[in-house]
Amino acid sequence: MPSDFYQRVYSVVREIPNGRVCSYGAIAKFLGAARSSRMVGFALKQSGVLDFLPAHRVLNRNGFLSGKHAFSPPELMAELLRAEGIAVANDQVLNFKELFWDPSENLNYREF
DNA sequence: ATGATGACTAACG
DNA sequence: GCGTTAGCCATCA
């Protein structure tokens with residue numbers, strides 16, 4: 001039984017538009033737990049059994065695929081991103097800055 | 001309850 | 001600009 005924190009993480013990640021990416025810190029901040037960025041990644045790792053979750057669109061603040069090793073195979077993460085038109089090279093999203101999607105500016109806060 | 005862990009970040013040197 | 005250190009805090013053993 002996932003905690004509410006997890007549910008909130010999933011709710012935000014699910015709203016990430018196709019072809020866009022986000023960072024752990026941004027999600028954590030939006031959830032009001034700016035210092036719990038690590039927990040965001042932790043939640044995503046456990047999200048495998050839940051509904052579709054674009055976890056591959058969530059990267060660290062540098063745009064690196066920090067969580068690719070959690071996929072099977074790890075290359076799957078980069079492939080999923082490329083499948084959405086996102087350029088990936090050397091485990092990094094090239095135009096991360098342009099593709100960045102900030103939940104605090106594009107998603108209205110609501111009860112999760 | 002205590003200590004270790006981690007898909008992170010920011011601050012130092 | 002890069003490697004190291006230190007905070008952070010929800011889980012888990």
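A quick note: this is a predicted structure, and the numbers were derived from the prediction, not measured. To find a chain, count down the sequence lines: A is the first, B the second, and so on, and within it residues start at 1.
In this model, no donor atom of one side chain and acceptor atom of the other lie less than 3.5 Å apart for A/His56 and A/Glu79.
Between A/Glu84 and A/Arg20 no salt bridge is recorded (no basic side-chain N to carboxylate O distance below 4.0 Å).
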Quiz item: Nucleotide by nucleotide, 5' to 3', does protein get under 4.0 Å of the base (B), only the sugar-phosphate (S), or neither (-) in nucleotides 8-13 of chain B, counting heavy atoms?
Solution: BSS---
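Atom-to-atom, OH of A/Tyr6 to P of B/dA7 comes out at 11 Å; the value is rounded to the nearest Å. To the nearest angstrom, P of B/dA7 lies 14 Å from OH of A/Tyr10. Taking atom CZ on A/Phe42 and atom C1' on C/dC8, their separation rounds to 14 Å, with Å as the unit. The distance between atom CD of A/Gln92 and atom P of B/dA7, rounded to the nearest whole Å, is 19 Å. Between the CG atom of A/Leu81 and the C1' atom of B/dA7 there is a distance of 13 Å, given to the nearest Å. For the pair A/Phe5 CZ and C/dA10 C1', the interatomic distance rounds to 7 Å; values are reported in whole Å.
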Listed pairs under 3.5 Å, donor-acceptor, residues 24-44 of chain A side chains, sequence neighbours left out:
unit_1	atom_1	unit_2	atom_2	d
A/Tyr24	OH	A/Val58	O	3.3
A/Tyr24	OH	A/Ser66	OG	3.4

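A/Phe64 belongs to no hydrophobic cluster with other residues, because no ILVMFWY side-chain heavy atom falls under 4.5 Å from its own, directly or through intermediates.
Proximity of A/Lys68 to A/Asp91: side-chain heavy atoms (C-beta onward) are separated by under 4.5 Å at one or more points.
As judged by a 4.0 angstrom heavy-atom cut-off over every strand, A/Ala33 is placed among residues making no nucleic acid contact. Nucleic acid contact for A/Phe64: none, since no nucleic acid atom lies under 4.0 Å from a heavy atom of the residue.
If you take CG on A/Leu99 and CG on A/Leu81, they are separated by 9.5 Å, rounding to the nearest 0.5 Å.
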